Enquirer: 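Right, I'll just put the structure down here and ask away after.
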Amino acid sequence: MNQQQTWSQRFESALHPAIARFNASINFDIELIEYDITGSIAHAKMLGHTGIVTPEEAVQLATGLEQIRQEYRQGKFTPGIDAEDVHFAVERRLTEIVGDVGKKLHTARSRNDQVGTDIRLYLRDQIYQIRQAIREFQGVLLDLAETNIQTLIPGYTHLQRAQPVSLAHHLMAYFQMAQRDWERLGDVYQRVNISPLGSGALAGTTFPIDRHYTAKILQFEKIYANSMDAVSDRDFAIEFLASASIIMVHLSRLSEEVILWSSQEFSFVKLKDSCATGSSIMPQKKNPDVPELVRGKTGRVCGHLQALLVLMKGLPLAYNKDLQEDKEAIFDSVHTVKACLEAMTILLREGLEFSTPRLSAAVAEDFSNATDVADYLAARGVPFREAYNLVGKVVKTCIAAGKLLKDLSLEEWKALHPAFEQDIYQAIAPQQVVAARNSYGGTGFEQVSQAVTAARQLLIAEHTSPTTATSSN
Ligand code: ARG
C-alpha cells in the first residue's frame, strides 16, 4: 500500500489521501493499459535501436512489459490508487519485474506524449470496431429493405401524412446515414493515426531519439510536426466524439420512429418478446425499452462532446491536467455507441414485426395521393399551381362529405376538370403513387430496387477486399 509517489523526492510531505484520490485516474485509465504497454514496448525498442539503452536492456524492458500484459489479462495485475495513473502503475510494476533497468524506460519520454499515444492507439482500435458494428447495422437494415420493397408505409412531413413510400426506401434512408457515419469515422481515423510519441513533456528531448522508428512500429501514418501541439492536441478526440454523437443522433431518430410505430396509435410494428419489456404494475404493457434507452443515451454522448469542447477552450499550451478529463468522455462514448449499435442491430434483426395489413390500410385511407391528382392535371397541361388549388378544394369537399379521393365518381371528376379520365383511379392507387416517383433517389420501386442492389454490392465488395476497411494493428 502507501507506496511513495514517483515524484515524492521533490516534496516535503506526502499527498493528502483525499487529494490522492482526487488526482488519480487509475480507476478509469486502466482501460488504456494494453495500449500503454504496446506504446512502451515501441519506445523501449527505439531506445535500444538508437543506443540510448543497450540492446539487451531494450529486450529486458520489452519482455517485462509483455509480462505485465499477461499478468493483467490473467487478472493478476490490479494497481490501486497509490499508482496514480496507468502509466506510473506499469512503470512501477516493470521495475519490480526487471529491476533497476526498468527505471530507464522513461528516458526521453513524458507521460504527456505517452498518454497522447495511448489514447490514439485506443481510438484506432475502437474506430475499427465501431465501423464493423456500423456494417452489421447496415446489413440488417438492408436485409429488411430487400424484403420490403413493395411494402408501403405512410411517408410524413411535420409528422403529418404526406405521400406514401416504400418501407424499403424509408429504411434505406437510415442505411445512407450509417454509410456517412462509417465514412466519417474513416476520415477521423486519419487524424487519430498520427504519433505524438517523442514530443516529451512539451519541447522535445535532448536524446537522439527516432520518432519515425516508434511511429513505424506502432503503425502510425504520420508523426506530429510540433511537439507542443502533439502533447496538447485533442482535436482528434473531439472529432471522434462529434462522429459518435452523429451516430447516436441517427440511432435516436430511428428509435423515435420505432417507438411511435409500436404505439397503439400507429400500430405499424409489433415488438417481439425478445426485445420488449413489461411493466411492474400494468399487466397489459409491452414497452419499447430498447429504442427508448438508445434515444436516452444519445444525451450522454452529445454531452461528452460538449464537455470536451468546453474542456479545451481555455487551455494554454501545452499539457494541462484538465486533459485527464478527456478519458471518461471518450471511454463512455465508445462503450455507449457500441452497445447502442449492437442493441439496434438485434432489435431490427429479430425484435420487430411490421404489421403489413395495417400499413396497407394506412396508405389507402387518407389524402396522401392528393399530390398525384395535381400531378395528373399538370401532366395534361394544367399549370401546377392551378391544379394544386383545384385539388385543395376537392380535398375540402371530400372531407366534408366523409369521402376519400378514390370514392369520387368519374362524373364528379369530370365536373371538376374535363382532363380527368378513367385512368385517374389507377393514378391515385397507393402502389401507383409510389411506383410513379421514379426520379433518381425517389421512392419508385425501380429506384428503390436499384438503391438496394447498389448497397448490397457495396457491402459485398468490402467483404471481398479487406483493404477498403481501415484496419488497426
Ligand atoms: N493521467 C494523466 C492524464 O491522463 C497522464 C499525464 C499526466 N501528465 C502530467 N504532466 N501530470 O492526462
Side-chain angles (χ1 to χ4, degrees), residues 3-11 14-16 18-40 42-43 65 68 72 77-94 105-126 192 194-205 214 224 226-238 240-241 304 307-335:
Q3 288 194 41
Q4 285 202 320
Q5 303 296 334
T6 302
W7 32 260
S8 51
Q9 293 309 312
R10 159 77 178 75
F11 288 68
L15 199 55
H16 187 290
I19 298 299
R21 280 195 300 278
F22 183 69
N23 189 46
S25 53
I26 187 71
N27 283 342
F28 50 86
D29 68 14
I30 190 73
E31 185 152 354
L32 293 174
I33 186 163
E34 298 229 15
Y35 304 97
D36 193 72
I37 289 170
T38 301
S40 286
H43 180 68
L65 287 161
I68 300 173
Y72 175 74
F77 180 55
T78 51
I81 288 290
D82 57 293
E84 187 174 324
D85 63 19
V86 67
H87 324 293
F88 276 149
V90 169
E91 191 185 327
R92 185 183 286 181
R93 178 72 193 126
L94 181 66
L105 175 67
H106 212 55
T107 315
R109 188 177 69 167
S110 155
R111 277 185 300 160
N112 300 348
D113 56 341
Q114 184 178 1
V115 70
T117 305
D118 293 4
I119 308 169
R120 285 165 179 85
L121 294 175
Y122 171 86
L123 273 182
R124 257 181 11 184
D125 248 12
Q126 298 304 330
V192 171
I194 305 174
S195 174
L197 193 57
S199 297
L202 78 164
T205 172
T214 45
Y224 272 86
N226 179 299
S227 62
M228 296 180 81
D229 179 37
V231 292
S232 62
D233 173 32
R234 292 294 181 273
D235 294 356
F236 65 98
I238 293 174
F240 170 76
L241 293 182
H304 292 318
L308 194 52
L309 283 167
V310 178
L311 168 69
M312 291 302 294
K313 80 169 270 295
L315 289 193
L317 286 174
Y319 178 87
N320 299 270
K321 189 68 173 237
D322 314 44
L323 290 175
Q324 181 163 288
E325 289 290 308
D326 64 354
K327 294 183 194 54
E328 287 160 294
I330 295 172
F331 299 157
D332 187 62
S333 299
V334 163
H335 303 157

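Heavy atoms only: backbone and side chains are in, while hydrogens, waters and symmetry mates are out. Both counts, for ligands and for their atoms, begin at 1 and track the order of listing. Numbering of residues begins at 1 and proceeds along the displayed sequence. Computed from a prediction, not measured in an experiment: that's the story for all the values here.
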Enquirer: So, Tyr224 and Asp113: side-chain donor and acceptor under 3.5 Å apart, yes or no?
Expert: no
Enquirer: Does the Asn320 side chain pair with the main chain of Pro316, one donor and one acceptor, at a distance under 3.5 Å?
Expert: yes
Enquirer: Start with the C-alpha gap between Asp82 and Arg92, add the side-chain angles, then the distance that decides, and say whether salt bridge (Lys or Arg N to Asp or Glu O under 4.0 Å) holds.
Expert: CA-CA 11 Å; Asp82 57 293; Arg92 185 183 286 181; 2.8 Å; yes
Enquirer: Would you say Tyr319 has any N or O atom under 3.5 Å from an N or O of ligand 1, going by distance alone?
Expert: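 Right, the criterion is met.
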Enquirer: Going by heavy atoms, is Lys327 under 4.0 Å from ligand 1?
Expert: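 Right, Lys327 reaches ligand 1.
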Enquirer: What are the atoms of ligand 1, with element, lying closer than 4.0 Å to any heavy atom of Ser25?
Expert: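 Listed by number with element: 1 (N).
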Enquirer: Taking 4.0 angstrom as the limit and counting only heavy atoms of His87, give me the atoms of ligand 1 inside it, by number and element.
Expert: 5 (C)
Enquirer: Side chain, backbone, both or neither: which part of Val86 comes within less than 4.0 Å of ligand 1 when only heavy atoms are counted?
Expert: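 Near ligand 1, Val86 shows nothing, with every heavy atom at 4.0 Å or more.
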Enquirer: Which heavy atom of the protein is the closest neighbour of atom 10 (N) of ligand 1, given with residue, atom name and distance?
Expert: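 The protein heavy atom lying closest is Asn112 OD1, 3.1 Å.
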Enquirer: Among all protein heavy atoms, pick out the one at the shortest distance from atom 11 (N) of ligand 1; state its residue, atom name and that distance to 0.1 Å.
Expert: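 Nearest protein contact, heavy atoms only, for atom 11 (N) of ligand 1 is Arg111 NH2, 3.2 Å.
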Enquirer: With Phe331 as reference, evaluate Phe28, Phe240, Tyr122 under the ring pair (Phe, Tyr, Trp, His ring centres under 6.0 Å) test and give the passing residue.
Expert: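 That would be Tyr122.
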Enquirer: Should Gln126 and Ile330 count as side-chain neighbours, where that means a heavy-atom distance under 4.5 Å?
Expert: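 Sidechains of Ile330 and Gln126: no contact.
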Enquirer: More than 12 non-hydrogen atoms from neighbouring residues, nucleotides or ligands closer than 6.0 Å to CZ on Phe22, yes or no?
Expert: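 Atom CZ in Phe22 is not crowded, with 12 or fewer foreign heavy atoms closer than 6.0 Å.
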Enquirer: Select one of side chain, backbone, both or neither to describe which atoms of Gln114 lie under 4.0 Å from any atom of ligand 1, heavy atoms only.
Expert: neither
Enquirer: Do other residues, nucleotides or ligands put more than 12 heavy atoms under 6.0 Å from the NZ atom of Lys321?
Expert: yes
Enquirer: Starting from atom 2 (C) of ligand 1, which protein heavy atom do you reach first, and at what distance in Å?
Expert: Gln324 OE1, 3.3 Å
Enquirer: What atoms of ligand 1 come within less than 4.0 Å of a heavy atom belonging to Asp85?
Expert: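 Listed by number with element, the hits are 1 (N), 2 (C), 5 (C).
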